[in-house]
Visitor: 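One structure is given below, represented as structure tokens, and several questions about it will come after.
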Amino acid sequence: MSPFPFPAQGYLVGGAVRDLMLGKRPKDLDFVVPNPEEAARDLAHRLGGSIFPLDEKRRFWRVVAPGTTYDYAPMPQGLEVDLLRRDFTLNALAVNEQGLVLGLPIARYDLEHRLLRAIRKANLWEDPLRSLRAVRITLTAGLRLEPHTEGWIYEHAQYLRESGALPAWERVGEELSQILRHPAAAVGFLRLERAGLLEVYLPELAAGIGVEQHGAHHLDVWRHSLEVLAQLTLLRPDAHLALRWAALLHDVAKPQTRQWSPEKGRYTFYGHDALGAEQARQILNRLRQPSEVVAEAVRLVRLHMQHPPQGGRELRRFLHRRREALPELIWLQLADMTGILGYRERVEELREQLQAIESLAEGTPSPKPLLDGREVMRLLGLEPGPKVGEALAALLEAQAIGEVQSRTEAASFLRDAFGEDKGRMS
Ligand SMILES: Nc1ccn([C@@H]2O[C@H](COP(=O)(O)OP(=O)(O)OP(=O)(O)O)[C@@H](O)[C@H]2O)c(=O)n1
């Protein structure tokens, strides 16, 4: 029996067939059928899934059943026309109810040699996303670009740059985050550069190509960013999307901030972390990344130059102030230092600091203030306002670093720091 619920007179098509033929588990299943609504209702009835129209006018229907999504589309001009309109030969395969695989004869060669080949040049131009999809699919499906296709993609990248006729940013963001989530993400972004597409979609990163740094660095800014991403995926194969974006973007503002310092005899990049955080925010918003991913990646880029102090009270303060960004911040710093040949010793130190921070964080949950806002106002004779918040924050930090341990100590700490004659605490 077929492992798939085949509709009568229909075909399984697209990426699912490609994945099956490459020995991979398909994600979702796409079918083309004469009557999509009827086929979808029939399947939903059999599987107990829910059904809804994706696009009623174009007669696209979807069934969501546990674990899988089934999409149904019509084939008004027949299977052959449907397949020839698609992007790549391996995405233009169909399987019928009897298990017979249909498609362009050359697809067999492509399958054997694991090549991604555009069906024809015009098909690449038809949807501006297809050149980016090509890079993403070579990575996720483990394929190489067929040489003609590679040339067409490069040409297409130049066309996109000149015409500015780009696909919707949501679609671009989705493809780029698929590349970024892959274990070999750095290879994916290198391929993006080779294809000429880095300049199209991430010109801020392309600006780092050929930008040399100082002695300890052995790579230019762009190649260093790739190296850090590669190191991160090795150190933390489970690194989440925001951390991966931060690794890729951490030095994004280096090209604009580079200055030659005659005293130091090397380039400096003052303020690149703060400017880089702003650029990262713009880039990730442009790519329509989820707001929590943007916020976290931006925070990590902004803080990535702030390495933890050796230990003791200062380390506790660091943990208190950076808690939201930890331990990811240290993982980013570790990947950054590992990516620079000249910083071997710093890597060892950071590893020790990471352990110290992790055990400190475990042993010291975020404290609750020993005095509440009302008590603080009464104690300091304050009216409600920002000063109360400042005092409470300072008290929390003093508790976190172990300077204040009781309510009496809290009161005298606040009087010392915020009493009438003290003004604002630095
Ligand atoms: N710009 C596009 C997008 C999709 N397709 C066709 O629609 C199918 C389904 O597309 P989609 O599910 O977006 O991607 P997949 O190629 O299936 O890739 P993956 O499963 O890895 O997401 C593709 O296989 C391809 O035949 C296409 O020709 N051109």
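Keep in mind that the numbers below use all heavy atoms, side chains included, and drop hydrogens, waters and symmetry copies. Order of listing sets the numbers, starting from 1, for every ligand and every atom in it. Quick note: residue numbers are just sequence positions, from 1.
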Visitor: Tell me whether D19 contacts the main-chain N or O of P26 through its side chain, where contact means a donor paired with an acceptor under 3.5 Å.
Guide: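 Flag not set: sc D19 to bb P26 has no pair under 3.5 Å.
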Visitor: Examine distances only and state if a side-chain atom of Q399 and a backbone atom of P367 form a donor-acceptor pair shorter than 3.5 Å.
Guide: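 No; judged by distance alone, with no hydrogens or angles, the pair does not exist.
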Visitor: Nearest 0.5 angstrom please: E314 CD to R321 CZ, how far?
Guide: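 One gets 8.0 Å once the value is rounded to the nearest 0.5 Å.
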Visitor: Can you tell which of W61, F31, Y11, F60 makes a ring-ring contact (aromatic ring centres under 6.0 Å, His included) with Y72?
Guide: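 Testing Y72 for a ring-ring contact (aromatic ring centres under 6.0 Å, His included) against W61, F31, Y11, F60 leaves exactly one candidate, F31.
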Visitor: For ligand 1, what are the residues with a heavy-atom contact below 4.0 Å?
Guide: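 Under the 4.0 Å cut-off, ligand 1 touches G14, G15, R18, K27, D30, R86, D87, N91, D127, R130, R133, R136, R171.
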Visitor: Going by ring pair (Phe, Tyr, Trp, His ring centres under 6.0 Å), name the pairs with one or both residues in residues 225-255, residues two or more places apart or in two chains.
Guide: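 As it turns out, the ring pair (Phe, Tyr, Trp, His ring centres under 6.0 Å) pairs with a partner in residues 225-255, which skip direct neighbours, are H224-H250, H250-H304.
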Visitor: Just do the side chain to side chain contact (heavy atoms under 4.5 Å, CB included) check on I153 and L197 with the steps written out, would you?
Guide: CA-CA 9 Å; I153 287 174; L197 290 167; 4.3 Å; yes
